Amino acid sequence: MPYARPSSPVPLPPHMPNPSCVTRFAPSPSGHLHVGGARTALFCWAFARGKGGTFLLRIEDTDQKRSSDSASVGFLKDLAWLGIGWDEGPVLGAHGGGAHGPYFQSERLDIYNRYLAQLVEAGKAYYAFDTTAELDAKRQAAKLAGHAYRYDRSEMANLPKATVDAWLAEGRPAVIRCKTPDGPITIVDEVLGEATLPAGEVDDFVIRKADGFPTYHFAVVVDDELMRVTHVLRAQEHFNNTAKHMVLQDALGFRRPIYGHLPLITNPDASKMSKRDKDKVLRKTVIDRKLTAPPAGTITQARFEAWIADKNTQLELAEASALAVGLEVTLPEINVDDFRQSGYLPEVLCNFLALNGWSPGENVEKFDNEFLKQRFDLKRVVKTPAKFDRVKLLSFNCDAITGMPREEFVARARLHGQEFHADFMKKITGAQFEQLAGASHERSKTLDEMFRTNRFFIVADELLTWDRSKNVEKALLGPEPNGLSHLKAVLPVLEACTEWSAAAIEQAITPYAAQHAEGNLGKVAQPLRIAVSGGTVSPPIFDTLAILGKASALVRIRRCIATFGG
RNA sequence: GGCCCCAUCGUCUAGCCUGGUCUAGGACACCUCCCUUUCACGGAGGUAACAGGGGUUCAAAUCCCCUUGGGGUCACCA
């Protein structure tokens, strides 16, 4: 067991007694939590909690250019929404805290510097004064020569101490590099097995940047040790980094955690999932439609032009969303929050995410986090990358929604509406909403769907317009007796209704259909649906009429008759 | 390109470690039929995979080798 090595000989912050298992999720707050990160967090959480261990969260904000406070708060909220609670880390509600902080790397500079000094002192790391331009040139040359670039330490590693001190004193920019020992390095991984990198593959990598911040590699190794992390579960893109981390652990005399590298989650076309995907969709739409100006009320003309002119310019999330609304296109969900907005259930997202890269076997597919916690193990993690299948996710979501009690759906849909469709909620009474949600329950694949497909409910009666689609024309203006005639005939029937409930309306309409439409309810229902909704799709017609209210329904029917040539 | 890893239906995967029970199982998607006042749901069927080639063995999806294909990585980003 690699972890059985003696504890750190470097007595820095006092350690708590080690729990059996400590995992960590360590995102860099350079955006929003995306599904890949969420899956990693979920597995880390399940692994630790399943073993009675500790799951900790650490924010890797050592890149000053890319970090922001709001981004890290977003991460925390996303995690909490998914039901992935952390025992140690930044505090949010009941989550976080702990004795091994601070959990923001930007607040741990002193700690890193002490270890850095120790390595330099011991001759295991050295200052290097190469400029970025010099290094770039060498890399370029290596590329042209057709071989991989490796840092050549001969110059900087052998600088006399006096020179180094003098250069530092005069303020020359310098990084610190780790003096990587020669020889092959064997990575032991619980998912992938063993892999040996030949000698020379790992060069003298930078461990402290010129701005004084440690690099990712250094901070990770120090923090994992001090936070007594036992198991590192992370995405496979980090696999090769492991060698660097091992070099550092050896140099510092640290324990070695157990590693498990998780397969990547990609787009269906195997490309990396990234926020750029949103940009791509928008760009394609704009180009396909040959637009030269943004839709009104989205982004400014100047911003639009700058964005279109340069493929490397990316819209901010808010800009992209606004433009998507204006263009009436749907952006692909990438971040956890996107899925929340789209009306996915957190428990379903977790379930589905867990299925990308892991499975409990025995043909079990549907499970909750509790099950995952009990059953998750590294042995069943697959090695191959998974293509993220939104269609299957949607199917799972649909199953979960239609499978929940009606009251639960109504309640969750209400919360969703209050957050994302405030305009809709304002224009509808509580009772109406309850009825509408109840009627939408069994046909909803997401919490969001009913708000998008039922907008006709909140349109003013006199502003309702009708589709002129083939189906509408057919239903209304077909051979006699056509829909329009039925509408005219059924109008007085509805006017005569004294009670206006779904059941009462049905009782009034059914006899009519029996008499005048050969019992074919559809012949009457569909024209009514079109009349009151403007289109061919709505909740069941009697519910729809009842929710709308008698006055609205009658106004709409009369207007429809007039519009289609009564 | 160097290095590392991987390879089962269109997709997510079970099976592989400990060869025979695999005429390869499940799920999503797709197709057909049924149900149906729209949409959706639901029900019953169906199509569909061991990348290719060599070994080893009485026997290979399972073990070995090669080829091909895919992914990752080669930053003062994480």
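Reminder, nothing fancy here: chain letters follow the sequence lines and each chain counts from 1. Small disclaimer: the values here were computed from a predicted structure and weren't measured. All values below come from the heavy atoms of this structure, side chains included, with hydrogens, waters and symmetry mates left out.
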Just call it for A:E237: base, sugar-phosphate, or nothing, with non-hydrogen atoms closer than 4.0 Å on any strand. sugar-phosphate

Spacing of A:H217 atom NE2 relative to B:C77 atom P, expressed in whole Å: 10 Å

Looking only at N and O atoms, is any donor in the side chain of A:K392 or the base of B:A27 less than 3.5 Å from an acceptor on the other one? yes

Looking across every strand, which nucleic acid part, if any, lies under 4.0 Å from A:V206 by heavy atom: base, sugar-phosphate, or nothing? sugar-phosphate

Applying a 4.0 Å non-hydrogen cut-off, can you work out what A:S359 is touching in the nucleic acid: base, sugar-phosphate, or nothing? sugar-phosphate

Identify whether any heavy atom of A:V382 sits under 4.0 Å from a base atom; if not, whether one sits that close to sugar-phosphate; answer base, sugar-phosphate or nothing. sugar-phosphate

Just checking A:H238: base, sugar-phosphate only, or nothing, at a heavy-atom cut-off of under 4.0 Å? base

Decide, yes or no, whether a salt bridge links A:D204 with A:R153 under the criterion of side-chain N to carboxylate O below 4.0 Å. yes

If you find the nucleotide of RNA chain B closest to A:K366 and the one closest to A:R529, which residue's nucleotide is nearer the 5' end? A:K366

May I ask you to say what A:A195 touches in the nucleic acid, namely base, sugar-phosphate or nothing, with a heavy-atom cut-off under 4.0 Å? sugar-phosphate

Which is true for A:R58 with a 4.0 Å heavy-atom rule: it touches a base, it touches only sugar-phosphate, or it touches nothing? nothing

Under 4.0 angstrom, heavy atoms only, what part of the nucleic acid is A:P27 near: base, sugar-phosphate, or nothing? nothing

Residues two or more places apart in sequence or in another chain: which of them pass side-chain hydrogen bond (donor to acceptor under 3.5 Å, both in side chains) with A:Q314? none

For A:T266, answer base if it contacts any base atom (sugar-phosphate contacts may also be present), sugar-phosphate if it contacts only those atoms, and nothing otherwise; contact means non-hydrogen atoms under 4.0 Å. nothing

Side-chain N,O (A:R39) to OP1/OP2 (B:C12) below 4.0 Å: no

Please walk me through it: do A:D269 and A:K387 pass salt bridge (charged side-chain N to carboxylate O under 4.0 Å, His left out)? CA-CA 8 Å; A:D269 66 357; A:K387 296 182 177 117; over 6 Å; no

Looking for any heavy atom pair under 4.0 Å, which part of the strands does A:D130 touch: base, sugar-phosphate only, or nothing? base

Answer with base, sugar-phosphate or nothing: what part of the nucleic acid does A:P263 contact at a heavy-atom distance below 4.0 Å? nothing

With heavy atoms under 4.0 Å as the rule, sort A:R208 into base, sugar-phosphate or nothing. nothing

Could you pull out all residues at least two apart from A:E237 that satisfy side-chain hydrogen bond (donor to acceptor under 3.5 Å, both in side chains)? A:K272

Side chains of A:D277 and A:N267: is there a donor and an acceptor less than 3.5 Å apart? yes

What does A:G535 touch in the nucleic acid at a heavy-atom separation under 4.0 angstrom: a base, only the sugar-phosphate, or nothing? nothing

A:A251 backbone acceptor or donor facing A:K124 side chain under 3.5 Å: yes

Of the options B:A27, B:A78, B:U37, whose atoms approach the side-chain atoms of A:E365 most closely? B:A27

For a quick check of understanding: with a heavy-atom distance under 4.0 Å over all strands, which category does A:N471 fall into, base, sugar-phosphate or nothing? nothing

Residue whose nearest RNA chain B nucleotide is more 5′ - A:K272 or A:A210: A:K272

Go through B:C77, B:C12, B:G71 for me and flag the one nearest to the A:K209 side chain. B:C77

Round to a whole Å and report the spacing from CD of A:E201 to P of B:C5. 11 Å

Without decimals, in angstroms, what is the distance between A:E194 CD and B:C17 C1'? 15 Å

Has the side chain of A:R443 got a donor or acceptor that lies under 3.5 Å from a partner of the other kind on the base of B:C39? yes

Within this structure, what is the OH-to-C1' distance between A:Y512 and B:U37, rounded to whole angstrom? 15 Å

